[in-house]
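Below: one structure, written as structure tokens.
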Amino acid sequence: MGETHTRVPLRTRLRNAPGPAAQWLGIGVVLLSVQAGAVAHFAATLLVDLVAALPAVAPGVLQAVADAAAEIPTLLSREVIPNQGHYDGQGYVGTFLGLQPMYAWLLRVAAIYAYAFVVAGWVFAGYRIHRRHYRVADWAPIDDVIDRLRSHYWGLFGLVVVLSFVTMAVFAPALGPTTVDQNIGEPYGHQIEYWDASAGTVEQVSVGVANQNTRSAGNSDLNVGPMTYDDYGRFHPFGTMPSGQDLFTFIVAGSRLSLIIGLLAVALSSAIAVSGALVSAYYKGRVDLGLVVVSDSIMAMPRLLLLIMLTVILGGTWLGSLYGGGLVLGLIFAGTGWPFLWRSFRGPALQVAENEWIDAAKMYGRRPWTIMRKHMLPYILGYVLVYGSMTLGGAIIAIAGLSFLGLGVNAPTPEWGRAVNAGQEYVGTVSWHISFIPGALITLVVTGFNALGDGIRDAIDPQSDSAADETGGGAQGGGA
């Protein structure tokens with residue numbers, strides 16, 4: 001593209017060739033409209049939790065908005081594809097098309113994951129359309145990065161795992177075979193119907209009583225394993241827990257909590273680390289030395305003991321009541337984890353600061369903040385993606401580990417580490433699934449985040465076997 005073309009505003013380029021953009025936007029509107037209610041409910045729930053974090057502020061109006069959003073019908077909801085029903089002696093009542101609960105649930109799960117990957121494909125198609133029809137330059141460095149990532153099979157494996165995990169977290173209310181309120185919140189406040197084969201009639205029982213009679217406690221007479229039905233005709237993809245709760249519903253609800261805490265911790269610590277790296281690289285000297293002393297002081301502390309101590313101290317405050325103590329964990333991880341990221345970003349930032357265009361910007365009188373934001377920040381964003389992905393996996397492991405020790409997320413809030421803890425005494429019995437499945441999922445998800453980080457790193461710098469070795473980075477991917 002010539003210099004004249006670079007001066008054409010984007011709106012003019014869109015007006016000259018509106019077809020591809022209009023088609024892409026039309027598909028996007030259709031995709032988002034069928035799930036508009038779920039998106040609105042997810043956003044409203046986050047706002048309610050954010051407002052609830054402020055002392056003496058009641059989220060009354062926002063809670064009403066969240067309740068109203070929950071009533072908006074969506075294509076992939078459990079109301080459209082229900083799986084909770086009962087056998088009445090002749091067939092299934094209340095399930096989608098009269099299917100068995102297992103098949104109705106599998107159909108909903110398949111539809112949700114198909115939808116999620118179609119949305120991901122739509123986003124990628126948007127990049128291709130912008131690159132082909134509307135971008136000023138024919139080539140940009142991001143094109144080579146994406147092309148290399150597409151042929152990086154280990155990175156693609158990580159991308160698929162991360163997308164699956166995010167889908168699980170976002171669609172958690174619809175993915176479980178039962179609701180969190182029935183399974184964990186108020187099991188004795190809900191009734192279910194089931195087929196009593198001995199009497200030949202349909203009976204009613206509370207969910208709490210049914211849970212007590214379908215616990216998995218390590219012997220063949222008291223166990224509901226994966227992909228089986230219990231005595232009340234309820235389908236359990238991952239079996240039940242020692243409390244009788246459905247393990248799959250517990251895990252999908254816990255995935256949302258893990259993702260929110262991990263993203264909060266990584267976003268805050270990355271923001272602090274990036275700001276510190278830019279400031280230390282630009283000013284050098286005493287400023288850099290001061291940050292080295294502060295970061296080394298924090299890194300010298302025994303992080304695990306510090307996490308345990310702060311979790312216990314803050315657990316009794318109003319802040320500790322939010323997300324079952326998860327918000328406190330996120331803030332603690334951010335406050336203690338930024339020095340490791342700062343170490344990783346400092347090296348690339350120092351290299352960028354030595355370039356001639358930085359000196360030229362100073363000579364032209366550009367302000368320091370403008371130079372750091374426009375001329376230095378873009379060159380270290382790739383490292384933010386690499387180490388942010390690996391650190392997020394480490395945060396998930398650390399949260400699960402603390403919860404396993406009874407110091408992280410408080411009961412009854414679902415969290416993967418608590419599930420591992422609940423089933424540890426049954427690992428060698430027929431109820432092996434209680435600990436094994438959440439433990440295997442933790443390993444898979446953390447491996448996925450690390451693989452995605454490896455893929456992004458190799459795509460950004462194909463000559464580097466280990467960016468951490470080159471930069472002396474200390475970002476942690478294995479938790480506290």
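Please read all numbers here as calculations on a predicted model, not as lab measurements. Throughout, numbering of the chain's residues begins at 1 and tracks the sequence.
- The residues Asp296 and Arg343 are annotated as salt-bridged, a charged nitrogen and a carboxylate oxygen being separated by less than 4.0 angstrom.
- In the displayed structure, Glu186 atom CD is contacted under 6.0 Å by at most 12 heavy atoms of other residues, nucleotides or ligands.
- Nearest heavy atom pair, residue Asn183 against residue Asn211, reads O-ND2, 4.1 Å.
- A donor-acceptor contact under 3.5 angstrom links the side chains of Asp196 and Ser198, judged on distance only.
- Under the 3.5 Å distance criterion, with hydrogens and angles disregarded, a donor-acceptor pair is assigned to the side chains of Gln84 and Thr178.
- One side chain, Thr214 or Arg234, offers a donor N or O that lies under 3.5 Å from an acceptor on the other.
- With sequence neighbours excluded, the residues that form a ring-ring contact (aromatic ring centres under 6.0 Å, His included) with Tyr92 are Tyr87.
- In this structure, Ser269 contributes its side chain and Ala334 its backbone to no donor-acceptor pair below 3.5 Å.
- Put simply, the side chain of Tyr387 does not reach to within 4.5 Å of the side chain of Arg457, judged on heavy atoms.
- A side-chain donor-acceptor contact under 3.5 Å links Tyr232 and Asn213.
- The salt bridge (charged side-chain N to carboxylate O under 4.0 Å, His left out) test applied to Arg346 returns Asp288, not counting sequence neighbours.
- Annotation for Ser220 and Val430: closest pair N-CG2, 4.0 Å, computed over non-hydrogen atoms.
- Atom-to-atom distance recorded for Ile261:CD1 and Arg256:CZ is 13.0 Å, nearest 0.5 angstrom.
- Rounding to the nearest 0.5 Å places CG of Leu159 at 12.0 Å from CZ of Arg150.
- Side-chain N/O atoms of Thr201 and Glu203 include a donor and acceptor closer than 3.5 Å.
- Between the CG atom in Leu329 and the CD1 atom in Ile399 there is a gap of 6.0 Å [rounded to 0.5 Å].
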Criterion side chain to side chain contact (heavy atoms under 4.5 Å, CB included) on Arg78 and Thr179, from CA distance to verdict: CA-CA 9 Å; Arg78 61 177 62 253; Thr179 65; 3.7 Å; yes
Chi angles and distances behind the side chain to side chain contact (heavy atoms under 4.5 Å, CB included) call for Val207, Gln191: CA-CA 6 Å; Val207 174; Gln191 300 284 324; over 6 Å; no
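- Residues Pro101 and Thr95 meet the side-chain proximity criterion, which asks for heavy atoms closer than 4.5 Å.
- Taking all atoms of both residues into account, the shortest heavy-atom contact from Trp24 to Ala125 is NE1-C, 4.0 Å.
- Contact between Asp246 and Pro237 at its shortest, heavy atoms only, is OD1-CD, 3.9 Å.
- Proximity of Leu222 to Ser216: side-chain heavy atoms (C-beta onward) are nowhere separated by under 4.5 Å.
- Annotation: salt bridge (charged side-chain N to carboxylate O under 4.0 Å, His left out) contacts of Asp231 (sequence neighbours excluded): none.
- Here the straight-line distance linking atom CG of Leu392 with atom CZ of Phe165 works out to 7.0 Å at 0.5 Å rounding.
- Using a 4.5 Å cut-off on side-chain heavy atoms (C-beta onward), Leu247 and His236 make no contact.
- Close placement of the Tyr229 and Phe235 rings is indicated, their centers lying within 6.0 Å of each other.
- Proximity of Tyr426 to Ser435: side-chain heavy atoms (C-beta onward) are nowhere separated by under 4.5 Å.
- With rounding to the nearest 0.5 angstrom, the CD1 atom of Ile434 is 7.0 Å from the CE atom of Met241.
- By the side-chain contact (heavy atoms from CB on, under 4.5 Å) test, Tyr188 is found to be paired with Ser206, Val209, Gln212, residues two or more places apart in sequence or in another chain being considered.
- Between the side chain of His433 and the main chain of Thr240, a donor-acceptor pair closer than 3.5 Å is present.
- Residues satisfying the side chain to side chain donor-acceptor pair (under 3.5 Å) criterion with Tyr194, sequence neighbours excluded, are absent altogether.
- Separation of atoms CG (Leu257) and OG (Ser403) is listed at 8.0 Å; rounding is to 0.5 Å.
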With a 3.5 Å cut-off and sequence neighbours excluded, list the donor-acceptor pairs that the side chains of residues 103-120 form with protein atoms.
unit_1	atom_1	unit_2	atom_2	d
Trp105	NE1	Leu175	O	2.8
Arg108	NE	Ala174	O	2.7
Arg108	NH1	Ile81	O	2.7
Arg108	NH1	Asn83	OD1	2.9
Arg108	NH2	Asn83	OD1	3.0
Arg108	NH2	Ala174	O	3.3
Arg108	NH2	Gly176	O	2.9
Tyr113	OH	Ser164	O	3.1
Tyr115	OH	Leu31	O	2.6

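- When side chains are defined from C-beta on, Ser255 counts as touching Trp416, because their heavy atoms get closer than 4.5 Å.
- Panel note: side chain Thr228, backbone Val224; no donor-acceptor pair is recorded below 3.5 Å.
- Looking at Thr391, its side chain never comes within 3.5 Å of a backbone N or O of Gly388 through a donor-acceptor pair.
- Between Phe250 and Gln245, some side-chain heavy-atom pair lies under the 4.5 Å cut-off.
- Across all their heavy atoms, Thr336 and Ile298 have their closest contact at O-CG2, 4.0 Å.
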Derivation of the side chain to side chain contact (heavy atoms under 4.5 Å, CB included) call for Thr429 and Asn219: CA-CA 7 Å; Thr429 70; Asn219 61 71; over 6 Å; no
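- Between Phe345 and Trp342, the ring centre distance reaches or exceeds 6.0 Å.
- With hydrogens and angles ignored, the 3.5 Å screen pairs no side-chain donor or acceptor of Arg215 with any backbone N or O of Gly244.
- Checked by atom type, the side-chain pair Ser431/Asn223 shows a donor-acceptor distance below 3.5 Å.
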Verdict with supporting geometry, Leu278 and Ile380, side chain to side chain contact (heavy atoms under 4.5 Å, CB included): CA-CA 9 Å; Leu278 292 175; Ile380 65 172; 3.9 Å; yes
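- Each of Thr443, Val445, Leu402, Val446 was compared with Ile397 under the side chain to side chain contact (heavy atoms under 4.5 Å, CB included) criterion, and only Val446 meets it.
- Of all heavy-atom pairs between Ala451 and Gly158, the closest is CB-CA, 3.8 Å.
- Ring planes of Phe157 and Trp154: parallel class, angle under 30° (limits at 30 and 60°).
- Between Gln424 and Val420, the closest side-chain pair of non-hydrogen atoms is not below 4.5 Å.
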